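Small disclaimer: the values here were computed from a predicted structure and weren't measured. Residue numbers begin at 1 in each chain, while the letters A, B, ... track the order of the sequences.
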Amino acid sequence: MPFQTLTRSAFFVALAPALALAQEHGAEPKPGLLTSDGGLMFWSLIVFIALFFILSKFAFGPITQAVRAREDALTQAIEDARKDREAAAKLLADHQARIEAARDEAQKVIVEGRATAEAMKASMLDDTHKQQQDLLDRARRDIDAERVVAIAELRREAVGLAIAAAGRVIEHNLDDAQNRKLVEQYLATIQ
Amino acid sequence: MKSRHALIALGLVAMMAAVVVSPARAQEPVATPSPVASEAQGAANAGPMQAAEAEAKKDFVMPHVLNSHEIVIPWLGHGLEKEIELPRWAPIHVGPLTLDLSPTRHVVMLLLSAAIGALVLVVAGRGAEKARREGRPTKGFAGAIEATILYLRNDIILPNVGHHGEKYVPFCLTAFFMILFANLLGLVPYMATATGNIAVTSTLAGIAFIAIEVAGMRALGKRYVNTIVYWPHDLPLAVKAPITFIMTPVEILSKFTKPFALAMRLFANMTAGHIAVLSLLGMIFTFAQLLNYSPAAYGAAVIPVALTTVIMCLEVFVAFLQAFIFMLLTAVFIGQIRESAH
């Protein structure tokens with residue numbers, strides 16, 4: 001764009017020395033401070049245009065570009081840093097959540113363990129109770145059975161004793177005349 | 001990092017100042033006014049009074065400031081300088097115009113300063129490019145130039161030119177560096193100041209004028225006419241007509257006064273500085289005359305030399321300042337005409 005500007009301007013600037021030269025035509029005037037000099041004007045213009053192109057292309061361009069590249073790199077770095085920070089924050093939050101979860105888990109495990117232990121204790125107690133009860137029941141049944149046996153034994157013993165006593169009684173009563181008679185009657189039938 | 005570059009830039013300036021000032025001082029009593037000095041010494045043998053008369057008629061200030069067909073180079077001979085006659089070419093005729101393109105002293109200085117400027121900036125540009133390719137910040141000299149360009153671009157040109165003013169940056173920077181190097185070259189002994197010639201400054205101002213007007217045309221389109229013909233929209237026709245009649249010449253005039261002021265400012269500043277330096281140096285010979293060329297005259301020369309040193313330091317500052325002002329005002333004028341759309 002500035003190149004266009006310059007090409008346009010060249011035409012106008014060319015007019016300036018023209019005006020200056022119009023006066024200078026003819027004999028060489030004695031130079032003073034304000035003497036115009038068409039040649040020098042021409043050279044100034046050439047030098048300016050040449051400098052403009054050379055500097056734009058080889059100095060201002062690369063320098064501006066370098067600065068822009070650096071600015072971009074800086075912006076990129078800042079952006080990257082921001083992203084990294086965000087990622088780190090996210091990661092940190094994640095880790096914290098994970099730690100929290102782990103702690104909850106641990107708590108749960110402890111609670112569960114406690115509950116399990118509690119349950120185990122209860123069930124063991126129950127079992128013990130039951131076993132005790134069983135033992136008791138069995139003992140009771142055994143005792144009952146033994147008692148029945150003992151009662152039967154006692155009864156048998158008592159029957160024996162009673163029979164023995166009865167035998168004694170009977171044996172004692174055998175002299176009785178009635179009994180003699182009975183036996184004699186019995187013996188009489190046999191014959 | 002930026003501050004470091006600024007420091008380097010400052011160091012460069014100081015170095016330039018040192019380089020420019022010290023040989024200038026060394027050369028003062030001999031080189032610049034040598035024709036006068038040698039004549040005066042020659043005449044001194046004949047008698048102080050005649051010498052004074054001969055000296056009074058010799059003008060060594062204006063030939064130094066004005067353009068000529070000779071350049072002066074350092075020479076280990078009489079007067080420590082040698083004049084070289086530049087070739088004279090036949091004038092070129094373009095239609096009714098006659099253009100004498102023979103290289104004069106100021107043409108040579110202009111080309112030399114442009115060559116130095118181009119060299120310095122292109123080297124800096126390559127440095128910046130190399131740094132970019134290597135993906136590191138620009139360092140050293142290229143960094144200093146980069147900091148300067150960046151400062152001018154971001155803090156001076158772009159804010160003044162206005163929105164989307166990037167395409168005017170190379171133009172303003174070129175004007176700045178061309179003027180700067182021409183100004184600085186003029187401070188180097190044996191050299192001359194091309195920007196102390198009204199032809200050079202008016203050409204630069206002409207280019208600035210074209211740039212300003214073209215920027216106006218591009219920004220305003222058809223409304224560019226309003227920058228020439230004053231036409232207030234919010235007034236009744238009866239008021240508008242006379243105002244337009246009065247204001248239009250003023251508008252047109254103001255278009256030309258701006259570049260005219262640019263040209264005159266630069267030319268006058270550069271010329272005035274050199275005349276001041278040369279006048280102070282002339283005091284050496286005035287003292288010598290007053291003291292009848294006694295050894296005391298050499299002692300008295302210390303005062304003008306000291307003053308010249310101070311003025312030379314100021315001149316280095318002015319060299320930067322004037323280049324900066326030219327660029328700044330061009331940017332401001334471009335911004336003004338673009339802004340007038342709103």
Side-chain angles (χ1 to χ4, degrees), chain A residues 1-22 24-26 28 30-71 73-74, chain B residues 62 65-68 91 96-104 106-107 110-111 113-114 117-118 121-122 124-126 128-129 131-132 135 137-138 142 145-146 149-150 153 167-171 173-175 177-178 194 197-200 202-204 206-207 209-211 213-215 218 267 271:
Chain A
M1 278 318 171
F3 304 114
Q4 263 185 6
T5 313
L6 266 181
T7 40
R8 273 181 228 165
S9 58
F11 169 73
F12 289 105
V13 175
L15 290 176
L19 292 171
L21 281 166
E24 238 183 278
H25 216 56
E28 201 174 307
K30 196 179 182 307
L33 267 181
L34 294 174
T35 314
S36 57
D37 183 342
L40 188 51
M41 284 179 139
F42 172 80
W43 283 111
S44 309
L45 184 64
I46 295 296
V47 165
F48 185 89
I49 293 170
L51 260 188
F52 178 80
F53 285 108
I54 291 169
L55 295 186
S56 301
K57 191 157 167 35
F58 296 109
F60 306 147
I63 287 173
T64 316
Q65 229 177 352
V67 170
R68 196 165 295 154
R70 213 154 61 231
E71 265 171 16
L74 222 60
Chain B
M62 289 322 281
V65 173
L66 292 174
N67 201 359
S68 67
L97 298 174
T98 311
L99 217 52
D100 182 9
L101 297 182
S102 346
T104 56
H106 285 162
V107 169
L110 201 62
L111 290 170
S113 68
L121 290 168
V122 168
R126 289 177 74 104
E129 205 171 359
R132 181 174 64 89
T138 322
I145 296 289
E146 188 194 278
I149 288 175
L150 215 59
R153 178 193 144 88
K167 53 180 177 286
Y168 299 105
V169 170
F171 170 78
L173 284 177
T174 305
F177 283 109
M178 180 173 168
N197 191 312
I198 189 85
V200 175
S202 57
T203 308
L204 287 170
I207 296 167
F209 171 75
I210 305 299
E213 296 311 309
V214 170
R218 294 170 59 87
F267 155 72
T271 309

> For B:Ile149, is it the side chain, the backbone, both or neither that has a heavy atom under 4.5 Å from a heavy atom of chain A?
Replying inline: side chain
> Relative to chain A, which segment of B:Ala131 carries a heavy atom at a distance below 4.5 Å: side chain, backbone, both, or neither?
Replying inline: neither
> Relative to chain B, which segment of A:Leu55 carries a heavy atom at a distance below 4.5 Å: side chain, backbone, both, or neither?
Replying inline: side chain
>> Restricting to non-hydrogen atoms, name the atom on B:Glu146 and the atom on A:Ala66 that form the minimum distance, rounded to 0.1 Å.
In response: OE1-CB, 4.4 Å
>> Between A:Phe42 and B:Leu99, is there a side-chain heavy-atom distance shorter than 4.5 Å?
In response: yes
> Do you know which two heavy atoms are closest between B:Gly125 and A:Ile63, and how far apart they sit?
Replying inline: CA-CG1, 3.9 Å
>> If I measure from the heavy atoms of chain A, does B:Val107 come under 4.5 Å with its side chain, its backbone, both, or neither?
In response: both
> Is there side-chain contact between A:Leu33 and B:Ile198, with heavy atoms separated by less than 4.5 Å?
Replying inline: no
>> What I'd like to find out is whether the side chain of A:Phe60 reaches to under 4.5 Å of the side chain of B:Thr174, using heavy atoms alone.
In response: yes
>> List the residues meeting ring pair (Phe, Tyr, Trp, His ring centres under 6.0 Å) with B:Phe267, not counting sequence neighbours, and say none if there are none.
In response: none
> Between B:Ala114 and A:Val47, what is the shortest heavy-atom contact and its length?
Replying inline: CB-CG1, 3.5 Å
> Which one of A:Ile54, A:Ile46, A:Val67, A:Thr64 has the most heavy-atom pairs closer than 4.5 Å to chain B?
Replying inline: A:Val67
>> Tell me which of these, B:Arg126, B:His106, B:Met178, has more heavy-atom pairs under 4.5 Å with chain A than the rest.
In response: B:Met178
>> Is B:Phe209 in contact with chain A via its backbone, its side chain, both, or neither, using a 4.5 Å heavy-atom distance?
In response: neither
> Checking side chain to side chain donor-acceptor pair (under 3.5 Å) for the pair B:Asn67/A:Asp37: CA distance, chi angles, key distance, verdict?
Replying inline: CA-CA 9 Å; B:Asn67 201 359; A:Asp37 183 342; 3.3 Å; yes
>> Less than 4.5 Å to any heavy atom of chain A: does that hold for the side chain of B:Ala175, its backbone, both, or neither?
In response: both
>> Ring centres under 6.0 Å, that's the criterion: do A:Phe48 and B:Phe171 meet it?
In response: yes
>> Quick one, A:Arg70 and B:Thr138 - any side-chain contact, counting heavy atoms below 4.5 Å?
In response: yes
> So, for A:Met41 and B:Ala199, which heavy atoms are closest and what is the spacing to 0.1 Å?
Replying inline: CG-O, 3.5 Å
